[in-house]
Amino acid sequence: MDSAEFHAAVYHVVRQIPPQRVTSYGHIAKLIGMPRYSRHVGQALKFLSPNTNPPVPWHRVISSSGTISSRGPGTDGAERQRQVLEAEGVEVRESRGGELKVDLGTFGWFPEPGSIDLGEYGEARDEEEAGSGEG
DNA sequence: AGTGTGACCCGGT
DNA sequence: CACCGGGCCACAC
């Protein structure tokens with residue numbers, strides 16, 4: 001699995017997140033079969049072009065705790081993500097520390113690995129399974 | 001070859 | 001809920 005293919009796999013899965021739902025970097029990593037690569041999911045979204053042909057709903061990916069990643073002080077990425085989420089009906093609230101949070105119990109989308117379409121990226125495996133396989 | 005960093009995750013306090 | 005420590009993988013210096 002090359003870096004380019006990893007990115008492609010991430011985009012493929014992110015495109016399947018339904019409207020008004022959010023999931024986490026870590027869960028995307030799980031879905032593509034690489035549970036230890038949560039940090040790289042964020043990188044893949046960072047390198048995403050703003051005008052890809054099938055659009056990638058990057059805004060529906062937040063942290064596992066329901067927090068929108070701040071991307072550092074002085075950046076407006078988190079605020080842009082908030083506005084896009086609210087525009088499609090996702091409720092975002094602000095904690096005292098200024099953190100933007102979404103209620104995962106209401107808007108969370110965490111399908112089990114294997115229950116979604118991986119397309120040509122279904123060969124990725126981070127953990128070997130003894131005695132089983134695609135065949 | 002070591003150190004620091006990043007759109008992260010989990011458990012403990 | 002907030003804070004901290006450890007784990008994780010790849011990249012830049």
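All values derive from a computational prediction rather than experimental measurement. Labels below follow one simple rule: chain letters A, B, ... track the order of the sequence lines, proteins then strands, and each chain is numbered from 1. Worth knowing before you read on, the calculation uses all heavy atoms, side chains too, and leaves out hydrogens, waters and symmetry mates.
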Requested in this report: Between C/dG6 and B/dA7, how far apart are the P atoms? Round to whole Å, please.
Outcome: 23 Å
Query - Residue list, salt bridge (Lys or Arg N to Asp or Glu O under 4.0 Å) with A/E5, at least two apart or on another chain - result: none
Query - Length of the CE-P vector between A/M1 and C/dC9, whole Å - result: 15 Å
Which atom pairs link the protein and nucleotides 9-13 of chain B when you take only N or O atoms and keep those under 3.5 Å?
from	atom 1	to	atom 2	distance (Å)
B/dC9	OP1	A/G26	N	2.8
B/dC9	OP2	A/S64	N	2.9
B/dC10	OP2	A/S64	OG	3.0

For nucleotides 1-3 of chain C, list the nitrogen or oxygen atoms of the protein found under 3.5 Å from its nitrogen or oxygen atoms, one pair per line.
from	atom 1	to	atom 2	distance (Å)
C/dC1	OP2	A/R93	NH2	2.5

N/O to N/O distances under 3.5 Å, protein versus nucleotides 4-6 of chain B:
from	atom 1	to	atom 2	distance (Å)
B/dG6	N9	A/R39	NH2	3.4
B/dG6	N7	A/R39	NH2	3.1

Report task. Tell me, please, which residues at least two apart from A/E99 pass salt bridge (Lys or Arg N to Asp or Glu O under 4.0 Å). Result -> none
Query - Atom-to-atom span, CZ of A/R36 to C1' of C/dC8 - whole angstrom - result: 7 Å
Query raised in the report: Does any non-hydrogen side-chain atom of A/R15 lie less than 4.5 Å from one of A/P57?
Result: yes
Query raised in the report: Which residues pass the side chain to side chain contact (heavy atoms under 4.5 Å, CB included) test with A/R80, sequence neighbours left out?
Result: A/W58, A/D76
Report task. Please report, rounded to the nearest Å, how far the C1' atom of C/dC11 is from the CZ atom of A/F47. Result -> 9 Å
Requested in this report: Please list, chain by chain and in numerical order, all residues satisfying side chain to side chain contact (heavy atoms under 4.5 Å, CB included) with A/S65, sequence neighbours excluded.
Outcome: A/S63, A/T67
Query raised in the report: Got a sec, which hydrophobics cluster with A/I68, joining ILVMFWY side chains under 4.5 Å apart, including via others?
Result: A/V22, A/I62, A/L85, A/V90, A/V92, A/L100, A/V102, A/L104, A/F107, A/F110
Query raised in the report: Tell me the side-chain hydrogen bond (donor to acceptor under 3.5 Å, both in side chains) pairs involving residues 38-52 of chain A, sequence neighbours left out?
Result: none
Query - A/D2 CG - C/dA10 P separation (whole Å) - result: 12 Å
**Report entry** Gap between atoms CZ and P, on A/F6 and C/dC11 respectively (whole Å)
**Finding:** 11 Å
**Report entry** Qualifying residues under ring-ring contact (aromatic ring centres under 6.0 Å, His included), relative to A/Y121, sequence neighbours excluded
**Finding:** A/H12
Query raised in the report: For residues 104-115 of chain A, which residue pairs qualify under side-chain hydrogen bond (donor to acceptor under 3.5 Å, both in side chains), counting only residues two or more places apart or in two chains?
Result: A/D103-A/T106
Requested in this report: Find out whether A/E88 and A/R60 are in side-chain contact, i.e. whether some heavy atom of one side chain is under 4.5 Å from a heavy atom of the other.
Outcome: yes
Requested in this report: Could you pull out all residues at least two apart from A/E91 that satisfy salt bridge (Lys or Arg N to Asp or Glu O under 4.0 Å)?
Outcome: none
